[in-house]
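Structure, as structure tokens:
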Amino acid sequence: MSAGQGKRVLLAQPRGYCAGVDRAVQTVEEALTLYGAPVYVRKEIVHNKHVVTTLEERGAIFVEENDEVPEGATVIFSAHGVAPEVHAQARARSLKAIDATCPLVTKVHQEAKRYAAADYDILLIGHEGHEEVVGTAGEAPRHIQLVDGPDDVDAVTVRDPAKVVWLSQTTLSVDETMATVERLKRRLPLLESPPSDDICYATQNRQVAVKEIAPECDVVLVVGSRNSSNSVRLTEVALDHGARASYLIDFAREIDEAWLAGASTVGLTSGASVPEELVQDVLAFLAARGFTDVTAVDTAQEHLTFALPPELRRDMKAAAEAAAARSAG
């Protein structure tokens, strides 16, 4: 890319919604249409303020735990996944549970169960307290220990150095994860890797796009919420790869004019749970301040889509058939 004249924006592609987020948000929307409000959602369906607020306005009620949901009501589990005990709690309260866990997170859950069944020690690379980590660890609590970055490696203990495997939270920085893995392998040379990379394709793609634009940027703006792990990672990746400054914002109105003072090139991207309209709002904000030259920097094409949860598809099909029968009658 050659430097342009005047003020410009380098717009990272891909950015925004991934297939798992799209599926999760659509799950809540379709459930509200099918069952009517309220529909309960355990935790935030995805980590984005705007998405949560918009769904609340439509009749979704977000709760922390199943015991806040009235017995017999519909509850949707978030894209980040839940431990088996959460499913058991829902059954005990006769809740109609719809599992919107991202299929890529489900893959990690299945890996955890498979390695636990083979009596491996499992080193889960991730951030303590993150919902995805809690859900994955719940699949095999006696076998899993959390490794929260390279500095945690020295505290790791295993029963048999020949039967140990690493798994990871899907939304981490690729670079940070591999740094942790390399340090683990220095301590545990026989450490096994999962059969496929756990870090989500969308997380990787968004980080690659930011790495591409960061060296040319005075400022990189990342649209995303502070509890969104993949959005936070994007700001860190931008700084690590040459951006002079990087900021995480939920909305265009949060941009401080001082950030743009003296800047000629602004990079712009968004986390995997961010609707595109919020990015367009930032572009409008920047255009009003002279950043009218927008160049899209495309580093990957994404075509993956996921089917809605089977419980929901079954009920949607039944409702459609009932409506067709009524109209035929």
Side-chain angles (χ1 to χ4, degrees), residues 11-29 40-58 60-64 76-82 100-102 104-105 126-135 148 169-174 176 199-200 202-207 209-210 219-240 243 245-256 259 266-286:
L11 183 61
Q13 291 183 185
R15 63 181 180 277
Y17 270 15
C18 63
V21 164
D22 194 33
R23 172 184 187 261
V25 174
Q26 190 182 351
T27 294
V28 180
E29 293 171 341
Y40 293 83
V41 183
R42 183 183 178 277
K43 308 292 187 182
E44 292 187 355
I45 187 67
V46 296
H47 286 157
N48 184 264
K49 279 185 185 178
H50 176 77
V51 170
V52 169
T53 300
T54 302
L55 292 172
E56 281 178 332
E57 290 169 353
R58 287 198 53 187
I61 297 176
F62 291 86
V63 298
E64 284 299 302
I76 298 173
F77 298 145
S78 82
H80 307 103
V82 297
T101 300
C102 173
L104 300 179
V105 174
H127 295 308
E128 186 170 5
H130 189 280
E131 287 162 40
E132 184 185 327
V133 166
V134 172
D148 194 343
Q169 180 182 332
T170 64
T171 54
L172 297 182
S173 156
V174 179
E176 180 190 356
I199 294 177
C200 155
T203 297
Q204 293 190 59
N205 288 348
R206 280 147 191 72
Q207 290 176 15
V210 167
V219 180
V220 172
L221 299 175
V222 178
V223 185
S225 294
R226 297 200 172 278
N227 62 340
S228 166
S229 180
N230 76 88
S231 298
V232 172
R233 299 290 84 73
L234 289 174
T235 63
E236 296 170 351
V237 168
L239 292 172
D240 288 344
S246 183
Y247 301 98
L248 182 65
I249 54 172
D250 266 298
F251 305 102
R253 63 176 179 268
E254 296 174 3
I255 298 172
D256 187 334
W259 299 345
V266 174
L268 178 59
T269 189
S270 58
S273 50
V274 177
E276 178 62 14
E277 64 189 274
L278 301 185
V279 175
Q280 295 303 316
D281 289 345
V282 173
L283 284 173
F285 180 100
L286 293 172

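Excluded from the calculations below are hydrogen atoms, water molecules and symmetry mates; all remaining heavy atoms, backbone and side chain alike, are included. The structure displayed is predicted, hence computed values, not measured ones.
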Any pair counted as side-chain hydrogen bond (donor to acceptor under 3.5 Å, both in side chains), so long as it reaches residues 17-26, sequence neighbours left out: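 Counting only pairs at least two positions apart or across chains, no side-chain hydrogen bond (donor to acceptor under 3.5 Å, both in side chains) contact touches residues 17-26.
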
For [X], side chain to side chain contact (heavy atoms under 4.5 Å, CB included) partners two or more places apart:
X      : result
Ile61  : Pro38, Tyr40, Val63
Glu277 : His50, Pro275
Cys200 : Leu104, Thr170, Ala202, Thr203
Ala24  : Ile45, Val46, Ala79, Ala100

Gap separating the [atom1] atom of [X] from the [atom2] atom of [Y], nearest 0.5 angstrom:
X      : Y      : atom1 : atom2 : answer
Phe62  : Thr53  : CZ    : OG1   : 8.5 Å
Ser270 : Leu221 : OG    : CG    : 11.5 Å
His127 : Arg233 : NE2   : CZ    : 3.5 Å
Glu131 : Ser78  : CD    : OG    : 5.0 Å

Partners of [X] by side-chain hydrogen bond (donor to acceptor under 3.5 Å, both in side chains), sequence neighbours excluded?
X      : value
Thr101 : Asp99
Asn227 : Glu44
Ser228 : Asn230, Ser231

Tightest non-hydrogen contact, residues Val82 and Arg42, listed as CG1-NH1, 3.5 Å

- Message: Using every non-hydrogen atom in the two residues, find where Val41 and Ala60 come nearest and quote the distance to one decimal.
- Response: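 Answer, listing the atom of Val41 first, then Ala60: CG2-CB, 4.4 Å.
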
Practice task
Identify which one of Val222, Asp240, Val220 satisfies the side-chain contact (heavy atoms from CB on, under 4.5 Å) criterion when paired with Thr235.
Solution key: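 Of Val222, Asp240, Val220, side-chain contact (heavy atoms from CB on, under 4.5 Å) with Thr235 is met by Val222 alone.
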
Cut-off 3.5 Å, no hydrogens considered: what does the side-chain donor-acceptor table look like for residues 248-255, sequence neighbours left out?
residue : atom : partner : partner atom : Å
Asp250  : OD1  : Ser225  : OG           : 2.5
Glu254  : OE1  : Asp250  : N            : 2.8

message = With a 6.0 Å cut-off (strictly less than), is the heavy-atom count around CZ of Arg58, excluding the residue itself, greater than 12?
response =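 Result for CZ/Arg58: enclosed.
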
- [ ] Answer whether the closest heavy-atom distance between the side chains of Leu286 and Val266 falls below 4.5 Å.
- [x]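 Result yes, sub-4.5 Å side-chain heavy-atom pair found.
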
Apply salt bridge (Lys or Arg N to Asp or Glu O under 4.0 Å) to [X] and list each qualifying residue two or more places apart in sequence or on a separate chain.
X      : result
Glu276 : Arg15
Glu176 : none
Glu64  : Lys43

Determine yes or no for a side-chain-to-main-chain donor-acceptor pair under 3.5 angstrom, with [X] supplying the side chain and [Y] the backbone.
X      : Y      : value
Gln204 : Ile199 : yes
Arg206 : Pro14  : no
Glu128 : Asp148 : no
Ser246 : Leu239 : no

Please walk me through it: do Leu11 and Leu283 pass side-chain contact (heavy atoms from CB on, under 4.5 Å)? CA-CA 9 Å; Leu11 183 61; Leu283 284 173; 4.2 Å; yes

Requested in this report: If the plane angle is over 60° it's perpendicular, under 30° parallel, otherwise tilted; pick one for His47 and His130.
Outcome: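 Plane angle over 60°, so perpendicular.
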
